[in-house]
Amino acid sequence: MIHLKLKERIQEYREELKELRRKLHSEPELSWEEENTTAFVCEYLENLGIPYRRTEPTGVIADIQGCQEGKTVALRGDMDALSVEQLNEELAYASKEAGKMHACGHDAHTAMLLIAAKALNELKEELPGNVRLLFQPAEEVAEGAKEMVRQGAMKDVDNVFGIHIWSQMPTHKISCQPGPSFASADLFKVTFKGRGGHGAMPQDCIDAAIVASSFVMNVQSVISRTIDPQHPAVLTVGKMTVGTRFNVIAENAVIEGTVRCFDHDTRNHIEGQLQHYAESVASLYGASAKVEYIRGTQAVINDEYSANLVQNVASEAFGKEVLYSEKPTMGGEDFSFYLDEAPGSFALVGSGNPEKDTEWAHHHGMFNIDEDALATGAELYAQYAWAYLNE
């Protein structure tokens, strides 16, 4: 199933892989601003002789065309950084951009996919099909994958595979279970309108602060009392803006939050219940309510065949001991939009190592990866493509 020459090539390029990642880490760019990263990827592919095209405004789609006809498998690596201040400034490759940092591992994903492309391209004479390379922008704002799809990223693709470095798993471990992996991630905004007035004359007012507070305290029962406990869901109120002055009763209140779940019916139910609760609470106090529900990423549901193929490839390439069963996360991932177009799977590659201080949570200013995991990810990309095309 695996190709030993791919393993040899990846091992030969370990030092280059590390340097690629460090360069990208030191030069982070935020979502939709990945101009230099896009240019760097294009130059690297051009030097390899791999045809590519830029997507707008950033991002790259490339194809390694095998010399034998066959299927097309897509490999995705995201490229954007976060608005996070790097705290581990002592790193030789620390971010050069104030307030910007690769705090989620997308620098590693890009570097791994570049090296996987290099190895696969050297063996394209043996490839029974094509490998589509997707260097995606704007994952952190859940917009990049949808835009890549709109610009033809999944045209004629039969299967799609992605990887995320995961600091909560030990280095080298690989997890890819059939079924739910990442939750859908939606946003909601509720605006209550009451009637403001003097803080000493509440009888003449409808206090939006009271209305909003009642909503926040009661809306959690949507999860605890209206959802099947076997269908996990999270409803978080993260922001509430209300009032203008200590002695003025608030006329307006705005609440913002997020909803996470794995099930389509659960998602629809929560959206409806948010509307119901907001209108009911507002009516109780004589106020009005407006609910905006914005659907973000969908749930990432790994195709059974593809997830089992990842496990088989990982076992053969690295040994059965690398397999790890990481529970599904309520985090969001826009890889889900590729799965709307073709079956596929999304794997986690562990990079947590307490001896190297790489167990910090994603999106934290101290986030870093154990660079020994880079070769594992690069080879998994390459070996999966080879195995799928040869199935």
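Count residues from 1 along the sequence. Everything numeric here is computed off the predicted structure, so don't read it as measured data.
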About how many Å separate [atom2] of [Y] and [atom1] of [X], when rounded to the nearest 0.5 Å?
| X | Y | atom1 | atom2 | value |
| --- | --- | --- | --- | --- |
| Thr191 | Glu292 | OG1 | CD | 6.0 Å |
| Asp370 | Thr376 | CG | OG1 | 9.0 Å |
| His362 | Ser167 | NE2 | OG | 3.5 Å |
| Glu256 | Thr236 | CD | OG1 | 13.5 Å |
| Gln86 | Tyr93 | CD | OH | 8.5 Å |
| Met169 | Glu359 | CE | CD | 12.5 Å |

Taking all atoms of both residues into account, what is the closest heavy-atom pair of [X] and [Y], and its distance?
| X | Y | value |
| --- | --- | --- |
| Ile165 | Ala373 | CD1-CB, 4.3 Å |
| Ala342 | Val160 | O-CG1, 4.0 Å |
| Thr297 | Ala183 | OG1-O, 3.9 Å |
| Gln177 | Ala307 | C-CB, 3.9 Å |
| Leu24 | Ala111 | CD1-N, 4.0 Å |
| Ala299 | Cys261 | CB-O, 4.2 Å |

**Asked** For Arg22 and Glu371, what are the C-alpha separation, side-chain angles and deciding distance, and is it a salt bridge (Lys or Arg N to Asp or Glu O under 4.0 Å)?
**Response** CA-CA 10 Å; Arg22 291 189 173 193; Glu371 292 178 322; 2.9 Å; yes
Decide, yes or no, whether a salt bridge links [X] with [Y] under the criterion of side-chain N to carboxylate O below 4.0 Å.
| X | Y | result |
| --- | --- | --- |
| Glu16 | Lys118 | yes |
| Arg76 | Glu333 | yes |
| Asp334 | Lys146 | no |
| Glu35 | Arg54 | yes |
| Asp372 | Lys356 | yes |
| Arg9 | Glu379 | no |
| Lys18 | Glu15 | yes |
| Glu19 | Arg14 | no |

When you measure from the side chain of [X] to the backbone of [Y], do you find a donor-acceptor pair of N or O atoms at a distance under 3.5 Å?
| X | Y | value |
| --- | --- | --- |
| Thr38 | Glu34 | yes |
| Arg295 | Asp186 | no |
| Lys320 | Ala314 | no |
| Thr258 | Val237 | no |
| Arg132 | Leu75 | no |
| Gln383 | His3 | yes |
| His164 | Leu348 | no |
| Gln311 | Cys176 | yes |
| Glu29 | Asp80 | no |
| Ser175 | Glu326 | yes |

Would [X] and [Y] show up in the same hydrophobic cluster when neighbours are defined by side-chain heavy atoms closer than 4.5 Å?
| X | Y | result |
| --- | --- | --- |
| Phe337 | Ile294 | no |
| Phe346 | Val131 | no |
| Met330 | Leu235 | no |
| Leu48 | Ile61 | no |

Hey, are the side chains of [X] and [Y] touching, using non-hydrogen atoms and a 4.5 Å cut-off?
| X | Y | value |
| --- | --- | --- |
| Leu82 | His363 | yes |
| Pro128 | Leu389 | yes |
| Leu114 | Phe40 | yes |
| Val41 | Thr110 | yes |

Decide whether [X] and [Y] meet the rule of one side-chain donor and one side-chain acceptor closer than 3.5 Å.
| X | Y | answer |
| --- | --- | --- |
| Gln275 | Glu271 | no |
| Asn268 | His264 | yes |
| Asp340 | Gln298 | yes |
| Trp32 | Glu143 | yes |
| Asn159 | Tyr338 | no |
| Asn302 | Ser345 | no |
| Glu139 | His109 | no |

**Message:** As a quick check of understanding, evaluate side-chain hydrogen bond (donor to acceptor under 3.5 Å, both in side chains) for Thr226 and His269, giving each step before the final call.
**Reply:** CA-CA 9 Å; Thr226 74; His269 174 78; 2.9 Å; yes
**Prompt:** Going by side-chain heavy atoms closer than 4.5 Å, which hydrophobic residues are tied to Trp360, directly or by a chain of links?
**Reply:**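 Grouped by the 4.5 Å side-chain rule, Leu87, Met366 form the rest of the cluster around Trp360.
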**Centroid separation Phe182 to Phe335 less than 6.0 Å** = no
**Prompt:** Are the ring centres of His231 and Phe262 closer than 6.0 Å?
**Reply:** no
**Request:** Go through the structure and list residues passing salt bridge (charged side-chain N to carboxylate O under 4.0 Å, His left out) with Lys193, not counting sequence neighbours.
**Result:**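 Lys193 satisfies salt bridge (charged side-chain N to carboxylate O under 4.0 Å, His left out) with Glu251 only.
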**Message:** When you measure from the centre of the six-membered ring of Tyr388, is the NZ or CZ of Lys71 closer than 6.0 Å and no more than 45° off the axis?
**Reply:** yes
**Request:** Evaluate the criterion side-chain contact (heavy atoms from CB on, under 4.5 Å) for residue pair Asn312 and Met1; output intermediate values, then yes/no.
**Result:** CA-CA 8 Å; Asn312 292 336; Met1 180 180 294; 3.9 Å; yes
**Prompt:** Would Val259 and Arg267 satisfy side-chain contact (heavy atoms from CB on, under 4.5 Å), going step by step from the backbone distance to the final call?
**Reply:** CA-CA 8 Å; Val259 172; Arg267 191 183 196 186; 5.7 Å; no
**Asked** Parallel, tilted or perpendicular for Phe161 and Tyr384, by the 30°/60° rule?
**Response** parallel
**Ile174/Leu380 under side-chain contact (heavy atoms from CB on, under 4.5 Å): CA gap, chis, key distance, verdict** = CA-CA 9 Å; Ile174 295 170; Leu380 186 60; 4.0 Å; yes
**Request:** Decide side-chain contact (heavy atoms from CB on, under 4.5 Å) for Val149 and Glu341; before the verdict, give the C-alpha distance in whole Å, the side-chain angles of both, and the deciding distance to 0.1 Å.
**Result:** CA-CA 8 Å; Val149 169; Glu341 307 298 319; 3.8 Å; yes
**Item:** Neighbour count >12 (heavy atoms, 6.0 Å) for atom CD, Gln230
**Value:**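 Counting neighbours around CD of Gln230, 12 or fewer heavy atoms of other residues, nucleotides or ligands fall under 6.0 Å, so no.
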